[in-house]
Participant: 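Structure incoming, see below.
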Amino acid sequence: MQNKVDSSIVKNIISLLETCTESFAFVYDIAADTFFISERTLAHYDLPGAQFSGAARTIITFVHEDERVRCSGDIESIISNKKNRIKATYHIRNRYGEYVSVEIRMLHLSVSSRDIVAGSIDPAEKHPFFEDENLGSERDAQFDFDTARMDAGALSGFAMQIEVDNLISISERVGFEAGNEILSIVADACKRQCVDDTKAYLFSGGKFLLINFSGGSVDEIRRRYSGIKQSIRDAEYASGYKRVFTISAGGIAFINDTSTLTEILAKLVFTVDFARKDGKDMLELFNAREYANYLRALEIESAMRDSIKNKFEGFTLLFQPIVNAKAVGKSNSEKLSKIVVGAESLLRWKNERFGTVGAGEFIPILERSGLIVPVGRWVLIKAFAQCAAWNTLFPELYVSVNISFVQILQSNLVSEVQIALERTKVNPKNIVLEITESGNIDDEEIQSVLAELLALGVKIDIDDFGTGFSNLRYLQDIHANTLKLDYTFIQKALTGDMKDLKIIEFIVGMAHALGMTVCMEGIESYGNVEKLLPFGPDKFQGYLFSRPVDARTFAKENLHT
Ligand code: C2E
Ligand code: MG
Ligand code: MG
C-alpha cells in the first residue's frame with residue numbers, strides 16, 4: 001500500500017508552482033485518487049472543488065466527450081508510469097460551461113515512495129485572435145438584432161453559422177498563422193455574401209454568422225452556402241492549393257419569429273454540431289424535432305444528475321427471469337412450466353416531471369454524459385446484494401448485470417466489480433456481466449479488462465448479438481459464458497424466411513462449438529418456443545415467462561422452495 005501525500009504539502013507545492021508561472025498548477029495523489037488545485041484554477045474551470053477524490057474518474061467528465069477516451073488513456077499511462085511525462089491538448093469546461101482548448105502537462109514523480117502526478121493547465125489559445133474590421137462583432141450582432149426587433153416586432157429571415165472544420169488541429173499542426181489565413185479566406189467569402197440586407201459577423205473562436213431580416217428562405221440559405229463554398233474554392237485555386245480546408249454550416253429560416261438572438265444562436269450551434277457529426281463539409285438545416293429531442297435529453301440529464309445527488313432517488317432495478325430452455329413445457333391444463341436459472345437486472349428511472357422514461361432513452365444519455373459510471377456502480381451493488389440474498393436459499397441462481405462500454409472506458413470497472421463483490425459478499429460464480437457486442441470488443445485494452453474480470457470469478461455474457469455489428473471473429477477470444485441473441489434478431493428470424501432461421505441454426509452451432517451456451521431473448525409466445533426449440537437453445541428470456549418485475553415479485557413468482 002502506498003503512502004498518501006500530506007495535503008498541506010501538496011497545497012504548498014501548488015502555490016509554489018503558481019508563483020513562478022502563469023499556468024494553473026495541479027497535483028494528483030495516486031494512492032488516494034485525489035486531485036488538488038488552487039482556488040485560482042477553480043475560479044477558471046468547472047471543477048468540483050479545490051480538492052476532490054475519485055479523481056481519475058471525475059476528471060474525465062470535464063473533458064469534451066470526443067476526447068475522453070484519449071484522456072483516459074493518457075491518465076492511465078501517467079499513473080502507471082508507462083510514460084513519465086505527457087503533454088496533450090484537450091477541451092475542458094470553463095466555469096461558464098464552455099469547452100475551451102487547454103494544454104495539459106503531466107509529470108509522474110516518485111518522492112520518497114509516494115507517487116504523485118504534478119501538472120499544469122495552460123489556455124491553448126494564447127495567440128492573437130483573428131480579427132477583421134469589416135465584419136461585425138458579437139456585440140454588433142446583438143445591436144443589429146435588437147434594432148430590427150424594435151423596428152419590426154417579429155422577424156422573418158434567415159441566419160447561418162459557418163465554422164472551419166478541424167480549425168484547432170490545423171492551427172496546432174501547421175501553426176496559428178495558417179489558421180488565421182484560412183479564417184481570412186472564409187471572412188472574405190462571407191463578406192461577398194453581404195448583399196440584399198445580409199450582414200456578416202465574426203464571433204470568438206472563429207465562428208462566422210450571416211444574418212438577414214428581410215424574409216429569407218431555406219433556398220436562400222442554400223444559395224449563400226454555395227456562394228461561400230465557391231469563394232473558398234476560388235481562393236484555394238488562386239493560392240495554388242496552399243490551403244485546402246472544409247467548412248460546416250448550420251442554417252435556420254424564420255418567419256414572424258420572436259426568439260431572442262441567444263435562442264437563435266443556440267439552435268445554430270446545435271445545427272452546426274449536427275453537420276459535424278454527419279461527417280463535416282456540409283450545410284445542415286435546423287430541424288425543430290431533433291432540437292426538441294436534444295433539449296429533452298439535456299433536461300433529462302440534469303434531472304438524472306439531481307437523482308444521483310439525491311441518493312439515486314427515482315432509480316430502481318427490475319429483474320427478468322432467464323429460464324432453462326430444455327425444461328419449458330405445457331401441462332395438460334395448458335399451464336406453462338419453467339425452471340428459472342437466472343435473473344437479468346434491468347435499470348429503470350422515474351421522475352416527477354418526465355414520468356417513467358424508457359431504458360432505450362435514458363441509458364444513452366447516462367452513457368453520453370458519463371453518468372453511467374456512478375449509476376453503474378450503484379447497479380453493481382444493488383444487483384450483487386440481491387443475488388447474495390437470493391443465494392442463501394437458491395445457491396445456483398445467478399444475476400446478470402448489463403455493463404456499458406463507457407463503464408469500461410471511463411472507470412476502473414475491474415476494481416468496481418471487486419469492491420461490489422467484497423461489499424455484498426456474493427459468490428462471484430453467481431454473477432454474470434452482460435457486455436454488449438460492439439465494434440471495439442476486440443480492442444486489446446478491452447480484452448485485458450475482460451480477462452481481469454474473468455479472473456475475479458464472474459462470468460461474461462455477450463448481449464444483443466445480432467444487432468448491428470456482428471463480429472464472429474472475436475467470440476473465441478472472450479471466453480464468454482452465454483451468447484444472448486437479441487429480441488429484434490429473433491423476431492426477424494421468426495417472421496422472416498427460411499434463410500433467417502438458417503442463420504440462427506448456424507449461430508447456435510457455432511456458439512456451442514466454442515463452448516458457449518445460447519440464450520434467446522424476446523420470447524413472447526409459446527409458438528415462439530416451439531419454433532425455436534429445434535435449434536437447440538439453452539436458455540430463453542421474454543415476456544412469455546415474465547416481464548421485468550421488482551425483486552419481491554420476482555421471488556414470489558419464480559422462486560419456490
Ligand atoms: P438488454 O440487456 O438486451 O435487455 C433486454 C431488453 O428486452 C429489456 O428492455 C427487456 O425489458 C426487453 N425484453 C425482455 N423480454 C422481451 C420480450 O419478450 N419482448 C420485448 N419486446 N422486449 C423484451 P429494457 O429493460 O428496456 O432495456 C433495454 C436495454 O437497456 C437493455 O437491453 C440494456 O442494454 C440496457 N440496460 C438496461 N438496464 C441497464 C443497466 O443497468 N446498465 C446498462 N449499462 N444498461 C442497461
Ligand atoms: Mg442485457
Ligand atoms: Mg439483450
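Counting convention: from 1, in listed order, for ligands and their atoms alike. As a basis for the values below, the full set of heavy atoms in this structure was taken, side chains included, without hydrogen atoms, waters or symmetry mates.
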Participant: Which residue holds the protein heavy atom closest to atom 31 (C) of ligand 1, what is that atom called, and what is the gap in Å?
Facilitator: L346 CD2, 4.3 Å
Participant: Scan V117, I78, N81 and name whichever one has a side-chain contact (heavy atoms from CB on, under 4.5 Å) with I30.
Facilitator: V117
Participant: Take atom 9 (O) of ligand 1 and look for protein heavy atoms under 4.0 Å from it; say yes if you find one, no if not.
Facilitator: no
Participant: Can you find an N/O atom of P548 closer than 3.5 Å to an N/O atom of ligand 1?
Facilitator: no
Participant: Protein non-hydrogen atoms only, distance under 4.0 Å: does atom 15 (N) of ligand 1 have such a neighbour?
Facilitator: yes
Participant: Counting only heavy atoms, which portion of K484 has something under 4.0 Å from ligand 1: side chain, backbone, both, or neither?
Facilitator: neither
Participant: Going by the order shown, which atoms of ligand 1 are within less than 4.0 Å of some heavy atom of D464?
Facilitator: 3 (O)
Participant: Report the protein N/O/S neighbours of the Mg ion (ligand 2) that fall below 2.8 Å; do not count waters.
Facilitator: E344 OE2, N402 OD1, E434 OE1, D463 OD2
Participant: Please work out, at 4.0 Å between heavy atoms, whether the side chain, the backbone, both, or neither of V379 comes within that distance of ligand 1.
Facilitator: side chain
Participant: Give the contacting part of E521 toward ligand 1: side chain, backbone, both or neither, where contact means a heavy-atom distance below 4.0 Å.
Facilitator: side chain
Participant: Does the protein put any heavy atom within less than 4.0 Å of atom 23 (C) of ligand 1?
Facilitator: yes
Participant: Of all the non-hydrogen atoms in the protein, which one sits nearest to atom 42 (N) of ligand 1, and at what distance?
Facilitator: N402 O, 3.3 Å
Participant: What protein heavy atom sits nearest atom 27 (O) of ligand 1, and how far off is it?
Facilitator: A359 CB, 3.6 Å
Participant: Using a strict 4.0 Å cut-off to heavy atoms of E344, name the atoms of ligand 1 that fall inside it.
Facilitator: 1 (P), 2 (O), 4 (O)
Participant: Excluding sequence neighbours, so at least two apart, what forms side chain to side chain donor-acceptor pair (under 3.5 Å) with Q407?
Facilitator: none
Participant: Please confirm whether E524 approaches ligand 1 to less than 4.0 Å, judged on its heavy atoms.
Facilitator: yes
Participant: If hydrogens are left out, which of F362, W349, F545, Y487 has an atom nearest to atom 20 (C) of ligand 1, that is, the closest non-hydrogen atom?
Facilitator: Y487
Participant: How close does the nearest protein non-hydrogen atom get to atom 12 (C) of ligand 1, and which residue and atom is it?
Facilitator: Y543 OH, 4.3 Å
Participant: Quick one, E65 with R68, criterion salt bridge (Lys or Arg N to Asp or Glu O under 4.0 Å). Give me CA distance, side-chain angles, the key distance, then yes/no.
Facilitator: CA-CA 5 Å; E65 64 178 44; R68 287 185 190 160; 5.1 Å; no
Participant: Within the 4.0 Å heavy-atom shell around Q320, which atoms of ligand 1 are there?
Facilitator: 14 (C), 15 (N)
Participant: Identify, with sequence neighbours excluded, every residue that meets side chain to side chain contact (heavy atoms under 4.5 Å, CB included) alongside D278.
Facilitator: F274, M282, E284
Participant: Should you measure from each heavy atom of G542, which atoms of ligand 1 turn up under 4.0 Å away?
Facilitator: 15 (N), 18 (O)
Participant: Among all protein heavy atoms, pick out the one at the shortest distance from atom 41 (O) of ligand 1; state its residue, atom name and that distance to 0.1 Å.
Facilitator: L347 CB, 3.4 Å
Participant: With a 4.0 Å heavy-atom cut-off (strictly under), which part of R348 contacts ligand 1: side chain, backbone, both or neither?
Facilitator: side chain
Participant: List the steps and the verdict of salt bridge (Lys or Arg N to Asp or Glu O under 4.0 Å) for R93 and D46.
Facilitator: CA-CA 6 Å; R93 275 202 308 275; D46 177 23; 2.8 Å; yes
Participant: If you take all heavy atoms of P537 and L533, which pair is closest and at what distance?
Facilitator: CD-O, 3.5 Å
Participant: Counting only heavy atoms closer than 4.0 Å, does ligand 1 sit against the backbone of V401, its side chain, both, or neither?
Facilitator: neither
Participant: How far is atom 46 (C) of ligand 1 from the closest protein heavy atom, and which atom is that?
Facilitator: I363 CD1, 3.4 Å
Participant: What do you reckon, does E367 put a non-hydrogen atom under 4.0 Å from ligand 1?
Facilitator: no
Participant: Checking side-chain polar atoms at under 3.5 Å, does S525 have a donor or acceptor matched by the opposite partner on N528?
Facilitator: yes
Participant: Enumerate the ring-ring contact (aromatic ring centres under 6.0 Å, His included) contacts for residues 510-530, please, sequence neighbours excluded, ordered by first and then second residue.
Facilitator: none
Participant: Taking the six-membered ring for Trp, are F26 and F35 ring centroids under 6.0 Å apart?
Facilitator: yes
Participant: Looking at atom 1 (P) of ligand 1, what's its closest protein heavy atom, distance included?
Facilitator: D463 OD2, 3.6 Å
Participant: If you measure from each heavy atom of G358 to ligand 1, is any distance below 4.0 Å?
Facilitator: no
Participant: A quick test of your reading: do over 12 heavy atoms of other residues, nucleotides or ligands sit less than 6.0 Å from CD of E313?
Facilitator: no
Participant: Begin from the C-alpha positions of K539 and T482 and carry the test side-chain hydrogen bond (donor to acceptor under 3.5 Å, both in side chains) through to its verdict.
Facilitator: CA-CA 9 Å; K539 296 178 232 180; T482 298; 3.0 Å; yes
Participant: Which pair of non-hydrogen atoms, one from V375 and one from F312, has the smallest distance, and what is that distance?
Facilitator: CA-CE2, 3.9 Å
